[in-house]
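Only one structure is covered here, and it is reproduced in the block below.
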Amino acid sequence: GFLAAGARIHAMDAFDAAPALRILQDERVTHSFGSDEMFRRILALTGAPKPLPHARLLGFAAFQPGWRDFAAEAEKRGLPLHGLYGSSEVQALFSIGRADAPFADRIECGGWPMSPQARVRVRDAESGDLAGPGVSGEIEIAAPSRFLGYFRNAEATAEATTADGWFRTGDIGRLREDGSFIYETRAGDAMRLGGFLVGPGEIEDELKACEGVADAQVVAVDLGTQARCAAFVIPKPGAAPQESDLIAHVRARLAGYKVPARIFFIDAFPVTDSANGVKIQRAKLRAMAMERIAAA
């Protein structure tokens, strides 16, 4: 896209915040794309109120908890963040939030497909039916950029492609009335609670709004024959939030099936490094939750 527009490109062999900040500032970069963690690290290196005055569009994928708060902080310092969505199978940058959208909509990962020929739909993973706006399910994509298949792996290609040629992303999201969509979570991280598909972010945001909570992660657990969710909370320094208070806060604001069965307090989440920055190991959190529940 940059080459087609005749623009100059600055490419890094591997992300490093300090040289990235120098390039963005010295070369007056207008457009850049990365993850919330990358922009977080860049912003932490400078105390300037407007560190990137030439930036016009900074597309980001959200991988870290608290990304909405970070986006609000970045907005105050002049960073025009736009939520995006992409995958190797549909080209890396498939869709992005529009500049004229309200801030809360612009930063949501997903947005509007860049190609006018691209189409997005959502399928209910349980019923197999296509879902309307506002209903969470697996995101499916048809677009000129969609891949032909996995190299020398016909079985994987067939599994990832519907009978009518749409790519099954393995991601959970929902359509919006305006034609855009919202990416919520990977299918493996989604929770089936009370018969509904639930993204952990909604519950995590409510917990992080509580006094004394620095961060939160929510995972699904099996309690006998019932699926519930459990939460891990990192308290703010010097704070001592109570499990009963946090549960009461969530119960007052969300449906009953979204209320955590247990909340555990820890110092840090288990993480792993990836090309897109540090990622939370949700599978390990699920195992930790089941172990603690069993021990209790």
Side-chain angles (χ1 to χ4, degrees), residues 61-63 67-68 82-98 101-102 104-147 149 156-206 218-222 226-229 250 253-260 282 286:
F63 293 109
W67 63 267
R68 287 186 178 85
H82 294 241
L84 54 78
Y85 177 84
S87 73
S88 300
E89 293 88 347
V90 292
Q91 296 289 350
L93 185 54
F94 174 76
S95 63
I96 196 165
R98 286 178 176 166
D105 293 341
R106 178 185 12 116
I107 63 170
E108 286 284 357
C109 290
W112 286 260
M114 296 218 170
S115 169
Q117 301 174 53
R119 293 172 292 162
V120 177
R121 67 189 185 190
V122 170
R123 187 178 300 277
D124 187 299
E126 194 164 274
S127 70
D129 298 330
L130 293 180
V135 179
S136 296
E138 184 179 14
I139 299 169
E140 297 179 352
I141 291 174
S145 63
R146 185 183 67 78
F147 77 149
T157 301
E159 185 177 345
T161 309
T162 66
D164 54 351
W166 292 58
F167 169 57
R168 300 179 61 236
T169 64
D171 293 326
I172 301 300
R174 64 184 187 274
L175 301 174
R176 291 194 283 203
E177 295 284 356
D178 58 11
S180 64
F181 72 100
I182 294 176
Y183 163 82
E184 295 176 323
T185 188
R186 286 293 297 171
D189 294 333
M191 306 177 293
R192 178 68 68 173
L193 305 175
F196 297 94
L197 203 59
V198 178
E202 179 183 11
I203 307 170
E204 291 164 356
D205 286 345
E206 288 295 341
V218 173
V219 294
V221 294
D222 291 324
Q226 186 179 23
R228 293 287 303 277
C229 66
V250 177
R253 288 161 177 79
L254 298 179
Y257 60 86
K258 297 180 181 179
V259 177
R282 287 185 180 271
R286 281 192 288 270

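This one's a predicted model, so the numbers in the text were calculated from it and none came from an experiment.
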Point to revise | Heavy-atom pair of closest approach, residues L175 and A131 | key: CD1-O, 4.0 Å

**Study point:** Taking every non-hydrogen atom, the tightest pair across L193 and Y257
**Key:** O-CD1, 3.4 Å

Point to revise | Least distance between heavy atoms, V218 atom then C229 atom | key: CG1-CB, 3.7 Å

Exercise for review: Would you indicate whether the side-chain heavy atoms of T161 and R146 approach each other to under 4.5 Å?
Suggested key: yes

Point to revise | Heavy-atom donor-acceptor pair, E89 side chain to F147 backbone, under 3.5 Å | key: no

Check your understanding: Which distance, rounded to the nearest 0.5 Å, do you find between the CD of E108 and the CZ of R176?
Key -> 6.5 Å

Check your understanding: Is any side-chain heavy atom of R282 less than 4.5 Å from a side-chain heavy atom of P200?
Key -> yes

Point to revise | Value rounded to 0.5 Å, distance of CG in L93 from OG in S95 | key: 7.5 Å

Point to revise | Mutual orientation of the aromatic rings belonging to F181 and F94 [parallel < 30°, tilted 30-60°, perpendicular > 60°] | key: tilted

Point to revise | Shortest non-hydrogen contact between P113 and V120, atoms and distance | key: CG-CG2, 3.9 Å

Exercise for review: May I ask you to decide if I203's main-chain N or O and R253's side chain share a donor-acceptor pair within less than 3.5 Å?
Suggested key: no

Practice item. Measure the shortest side-chain to side-chain distance between S87 and T169 over non-hydrogen atoms and say whether it is less than 4.5 angstrom. Key: no

What side-chain donor-acceptor pairs closer than 3.5 Å can you find for residues 132-145, not counting sequence neighbours?
unit_1 : atom_1 : unit_2 : atom_2 : d
S136   : OG     : E184   : OE1    : 2.7
S136   : OG     : E184   : OE2    : 3.1
E138   : OE1    : R168   : NH2    : 3.1
E138   : OE2    : G170   : N      : 2.9
E140   : OE1    : R121   : NE     : 2.7
E140   : OE1    : R121   : NH2    : 3.1
E140   : OE1    : R123   : NH2    : 3.3
E140   : OE2    : R123   : NE     : 2.8
S145   : OG     : V90    : O      : 2.8

**Study point:** Closest non-hydrogen atom pair, W112 against S180
**Key:** CE2-CB, 3.4 Å

**Study point:** Mutual orientation of the aromatic rings belonging to Y183 and Y85 [parallel < 30°, tilted 30-60°, perpendicular > 60°]
**Key:** tilted

Exercise for review: Could you give me the CA-CA distance, side-chain angles and deciding distance for H82 and R98, then say whether side-chain contact (heavy atoms from CB on, under 4.5 Å) is met?
Suggested key: CA-CA 7 Å; H82 294 241; R98 286 178 176 166; over 6 Å; no

